[in-house]
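Residue numbers begin at 1 in each chain, while the letters A, B, ... track the order of the sequences.
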Amino acid sequence: MAQRGIREYDAKRILAKHIKRLSKGTLRYRGRVVLVTPGMSIEAAAKKKHWVKTEKLTVKPDQLFGKRGKHGLLLVNATYDEAKNWIDEKMNSTVEVGKVRGKLTHFLVQPYVELDKEYYLAFAGHQEGDYIHFSAEGGVDIEANWDMVTNVNVPIDASIEDVDLTPILDGVSNDDRAAFRDLITALFRFYRRLQFGFLEFNPFTHKNGEFFPVDTVARLDDTAHFLCHEDWKDVEFPAPFGRELRPDEQYIADLDEKSGSSLKLTVLNPKGRVWTMVAGGGASVIYADTVVDLGFGDELATYGEYSGNPTTEETYDYAKTLFDLMIREKVEGRKVFIIGGGIANFTDVAMTFDGIIQALDDYAEQIKEHNIKIFIRRGGPNYKAGLAKIREAGKRLDLDMEVHGPDMHMTKVVSIALKNLEGGR
Amino acid sequence: MTKPDYVLFDKDATAIIFGNQQAAVQRMLHFDYLAGRDKPSVAAIVNPSGGRKGLMKVFYGKEEILLPTYNKLRAAVKNHPDADVVINFASFRSAYDVSVEALNYPTIKTVAIIAEGIPERQTRQLIALRKKLGKWIIGPATVGGFVAGGFKIGNAGGALSNLLMSKLYRPGSVGFVSKSGGMLNEMANMIALNSDGVYEGIAIGGDKYPGSSLVEHLQRYEANPEIKMMVVLGEVGGDDEYEIVDAIRDGRLKKPLIAWVTGTCAKVFPSEVQFGHAGAMARGEAETADAKNAALKEAGAHVPDSYNDFDKLIRKVYEDLKAKGNIEETEEVTPREIPVDYDPGTMRRTTNIISTISDDRGDELIYAGIPISEVIRDGYSVGDVISLLWFKKRLPKYVTEFLELALMVTADHGPCVSGAHNAIVTAMAGKDITASVAAGVLTIGPRFGGAIDGAATYFKDAFKRGLAPKQFVDEMKAKNINIPGIGHRVKSVHNPDMRVNLLEEWAFANLPKHKLLDFALEVEKITTAKKNNLILNVDGCIGIVFVDIMHSTGIYTEDEIDDIIDSGTLNGLFVLGRTIGMIGHFLDQKRLHSGLYRHPWDEVLYMLPSETEVLEYSETRKKR
């Protein structure tokens with residue numbers, strides 16, 4: 001699908017597995033990390049990794065958000081008992097990070113390292129190549145101190161060995177330069193070979209050939225799974241913090257996984273009055289945009305799409321999930337349900353609409369009970385048959401429904417629908 | 001005849017299609033025909049998993065034509081040096097390798113990549129390669145695009161009805177480019193409704209790193225004198241749209257440009273939401289749709305307040321250009337007509353075959369009106385299923401019981417009878433189950449197993465004509481016909497056939513009337529008096545009892561019963577029953593790993609004519 005964040009734990013685990021080979025033995029990283037989760041306690045982890053009980057520890061949530069120190073979510077130089085108490089206290093608690101609220105469920109535990117010198121290193125892909133960002137003054141809010149970072153570009157078709165790293169090593173003492181050149185070269189190879197889109201160590205330190213990354217942020221290109229699944233080994237792509245999937249979203253995600261078509265669902269506001277079921281990745285965004293642009297963003301219940309010619313059965317499951325969500329909350333006045341889409345390239349409108357009609361059959365009574373008005377606009381292969389069928393179903397089931405074809409502007413149906421909401425603005 | 005650099009495709013362009021995409025090829029040819037192209041736009045197809053060379057059959061207008069198919073891209077490129085486009089339908093796993101190969105052929109100028117989910121690093125390498133070679137990539141993760149009235153990539157433009165609705169068969173004045181492939185048709189239609197239509201429409205694909213960028217296509221449109229105005233549909237995420245801003249600012253883009261960047265909704269979403277496209281995710285304020293729309297507007301592009309007003313703005317810019325005389329009104333052309341495909345929903349035609357016993361078209365298989373689920377749940381027996389498929393009725397239980405009884409007694413008769421023997425010999429020759437069983441079944445006929453029909457026919461006829469058993473026997477003797485169903489090679493009065501006894505017992509116990517069997521037993525008395533082994537045999541007994549059953553059901557008239565017998569139903573029972581045994585013999589030989597059978601010489605009487613006899617009338621004789 002795209003670049004997706006992975007846990008710091010996974011990034012370090014994968015690094016430990018590959019760095020010896022990729023650095024040709026010049027760089028050592030022991031990968032001493034443990035992930036404490038609701039299913040894996042620190043006691044259980046300590047049985048396998050004895051350093052957990054013998055060394056001083058660093059503990060922090062590992063859920064794809066940064067600035068943990070600033071939010072009081074970082075424990076350093078702690079004994080095992082301190083760490084255990086800290087995790088027990090925080091596990092399953094809800095915290096607010098930035099604008100997002102979420103539950104703490106995953107904690108990274110690693111040995112505490114005394115840092116006498118902190119460095120910054122990041123690799124980031126762009127179209128023509130990959131940037132190496134390096135600073136000998138790490139451990140600071142790097143975005144606020146970006147002028148201390150030096151950058152080198154490695155063109156996409158060049159290898160790291162062909163690139164002169166001298167400019168970025170200015171801040172490193174003469175004695176350490178050769179070692180840092182090797183370190184950056186090895187980590188860059190790791191970044192490239194394992195198909196990362198972004199990899200950052202801030203801060204890290206380096207002592208006697210051993211690498212100590214303190215904080216690590218990593219994004220993998222998940223489309224490279226077919227190339228790298230053995231090297232990544234069971235890597236997890238967690239939902240962003242505060243965006244753990246609801247059961248309905250999970251259901252659609254599972255459906256999507258099994259299907260050759262694309263089925264996506266994000267619930268934004270279950271009490272919203274504007275519901276959409278839009279075909280196509282491009283059109284679905286435009287429908288949501290239009291709802292927002294017309295001032296109903298806070299009423300938008302879901303974002304989602306179905307595309308790539310899903311079967312009648314898949315479309316039925318998707319529509320059913322939406323209806324099920326739609327009738328869970330009673331609201332004042334009416335709700336609108338917009339079944340939208342552009343003019344499809346090859347999705348068969350009649351066949352997908354058969355699935356929607358089956359769902360209408362199942363939910364007709366509740367749709368009426370919840371005073372839901374349905375607005376339809378769609379074009380593409382077999383659209384005439386599809387629109388005729390759903391119009392007929394609307395009549396048969398006595399539903400409040402408007403049906404439009406491609407002769408009407410794609411999002412005009414949104415403005416018509418929104419006029420039907422009481423208290424509309 | 002070199003094309004200007006700004007032209008990727010024109011009316012003469014031809015493409016090689018990588019992937020066995022019959023539907024997409026057909027859609028391209030529909031378009032070609034509508035647009036009045038001289039020749040189809042598909043030069044060849046590469047089907048990498050499709051054996052060796054071949055041909056693909058497609059419609060071009062009314063005609064069916066054959067397009068050459070290869071299993072290697074190299075061969076297609078070599079044999080079609082005029083084709084300068086490769087449309088790459090390879091999956092995300094192999095799209096990279098195929099694209100690299102295609103880009104490296106000197107005759108290929110443009111590669112369209114359809115697959116979604118190609119690793120970003122591979123796409124970035126492809127972009128570097130195509131730039132180095134001075135070539136074009138459209139995609140990945142796109143449906144492609146089209147030059148109205150000229151050329152279209154694969155499925156772009158959608159169904160035939162859409163090609164007509166959006167007037168893609170003839171050029172308009174608007175150059176259009178979007179990220180989204182799914183929005184291509186929608187935009188072409190919107191542009192057709194609000195201007196003279198699209199000249200060229202390209203969807204560069206929703207990936208983070210598209211093979212060619214929005215601004216690169218806009219610069220081609222800027223250079224093309226046929227294009228008078230440009231429409232661009234951008235997307236939240238990435239900084240492509242800022243390249244457009246720069247190009248407007250430094251004068252590389254001068255033609256009127258109407259732009260909209262989608263994803264304005266992202267601001268109300270909590271946390272980060274990945275939209276349908278891989279590239280659609282804002283990282284930082286500048287990548288938001290609002291920031292990009294504002295920047296485009298400030299640079300001088302026409303930007304609506306919302307997508308909802310996009311159409312009106314396009315119309316306004318078009319009308320302004322027309323008023324200024326920049327766009328001339330051209331006469332509408334009528335596209336060539338394409339015959340409609342046969343559609344069973346709206347058209348009728350005479351059928352070739354009638355089926356009255358089963359139907360596989362619905363949700364469930366139906367045997368003579370009974371859904372297969374009911375057959376299973378209501379406990380139909382094998383006899384019941386035979387009665388459904390052979391007689392289209394669920395016959396009473398005693399009838400289906402008899403059918404099963406007949407199957408059981410005829411299932412096998414040892415390895416020496418001719419059918420089983422042939423099946424065994426064929427199996428020993430190493431042939432498969434179908435050949436071996438067929439060899440056995442093909443032996444069934446008037447002398448082997450086929451007497452069931454004959455017995456039923458002759459006995460029934462004699463009884464109907466009121467002949468006494470003696471009269472019947474005499475009549476058959478006068479005609480010099482052995483009575484079918486009478487006589488056995490081995491069995492006799494003293495050595496009765498147990499199978500016949502069982503069938504007779506069954507008939508006496510289950511049938512209230514069994515007139516034909518009674519008649520046959522009288523006939524048997526006469527024949528066995530003449531010769532010991534002229535007994536009623538198993539074939540005869542089955543045929544005769546079956547006629548008694550047909551009568552006893554009261555369902556069938558005399559004529560209908562005759563039809564049932566004439567059509568071979570009774571021999572069918574023997575074929576079906578004996579097939580069980582023949583399959584058994586085949587499996588038996590396989591288990592035993594039997595080798596080839598050869599008949600021993602000493603079991604054959606060799607009796608050849610002498611050479612003199614043979615050559616008596618030939619010229620050779622004279623020479624000798």
Under 4.5 Å from any heavy atom of chain B, what part of Ala283(A) do you find: side chain, backbone, both or neither? both
For residues Ile114(B) and Pro140(B), determine if any side-chain heavy atom of one lies less than 4.5 Å from a side-chain heavy atom of the other. no
Heavy atoms only, distances under 4.5 angstrom: which of His126(A), Glu128(A), Gln195(A) has the most pairs with chain B? Name it, please. His126(A)
So which residue, Pro155(A), Gly379(A), Pro406(A), ends up with the most heavy-atom pairs under 4.5 Å with chain B? Pro406(A)
Of Gly158(B), Pro119(B), Ala159(B), the largest count of non-hydrogen pairs under 4.5 angstrom with chain A goes to Pro119(B)
Begin with the C-alpha distance, continue with both residues' side-chain angles, and end with the deciding distance and a verdict on ring-ring contact (aromatic ring centres under 6.0 Å, His included) for Tyr131(A) and Phe123(A). CA-CA 6 Å; Tyr131(A) 287 122; Phe123(A) 307 114; over 10 Å; no
Taking the side chain as everything from C-beta on, heavy atoms only, tell me whether Lys297(B) gets closer than 4.5 Å to Asp305(B). yes
Quick check: do Trp275(A) and Ile338(A) have side-chain heavy atoms less than 4.5 Å from each other? no
Taking salt bridge (Lys or Arg N to Asp or Glu O under 4.0 Å) as the cut-off, I'd like each qualifying pair that reaches into residues 181-194 of chain B, sequence neighbours left out, listed once. Arg377(A)-Glu186(B)
Geometric cation-pi criterion Arg378(A) and Tyr383(A), 6.0 Å radius, 45° cone: no
Of all of Asp293(A), Leu300(A), Val414(A), which one pairs up most often with chain B through heavy atoms under 4.5 Å apart? Asp293(A)
Please check: side-chain N/O of Thr347(A) versus main-chain N/O of Asn309(A), any donor-acceptor pairing under 3.5 Å? yes
Answer with side chain, backbone, both or neither: which region of Asp407(A) has an atom nearer than 4.5 Å to a non-hydrogen atom of chain B? backbone
Decide yes or no for Tyr307(B) and His409(A): does some side-chain heavy atom of the first lie under 4.5 Å from some side-chain heavy atom of the second? yes
Angle between ring planes, Phe65(A) versus Phe241(A), binned at 30° and 60°: parallel, tilted or perpendicular? tilted
Measuring heavy-atom distances to chain B, does Asn345(A) have an atom under 4.5 Å in its side chain, in its backbone, in both, or in neither? both
Heavy-atom cut-off 4.5 Å, strictly under: side chain, backbone, both or neither for Met165(B) against chain A? side chain
Side chains of Ser284(A) and Tyr303(A): do they bring a donor and an acceptor to under 3.5 Å? yes
Side-chain (Asn162(B)) to main-chain (Gly157(B)) donor-acceptor, under 3.5 angstrom: yes
Residues at least two apart in sequence or cross-chain that pass ring-ring contact (aromatic ring centres under 6.0 Å, His included) with Phe237(A), listed by chain then number, are none
Structural part of Ala188(B) lying under 4.5 Å from a heavy atom of chain A: neither
For chain B, find which of Gly380(A), Gly280(A), Ser307(A), Pro381(A) contributes the most heavy-atom pairs closer than 4.5 angstrom. Pro381(A)
Proximity of residues 127-136 of chain B to chain A, residues having a non-hydrogen atom under 4.5 angstrom: Ile127(B), Ala128(B), Lys131(B)
Interface residue of largest heavy-atom contact number with chain B, from Asp130(A), Val291(A), Asp157(A), under 4.5 Å: Asp130(A)
Contact class of Ile118(B) relative to chain A, heavy atoms under 4.5 angstrom: backbone
Applying a strict 4.5 Å limit to non-hydrogen atoms, the region of Phe196(A) in contact with chain B is backbone
Just give me the residue among Asn155(B), Leu160(B), Thr123(B) that pairs up with chain A most often, heavy atom to heavy atom, under 4.5 Å. Asn155(B)
Sorted by chain and residue number, the ring-ring contact (aromatic ring centres under 6.0 Å, His included) partners of Tyr318(B) (sequence neighbours excluded) come out as none
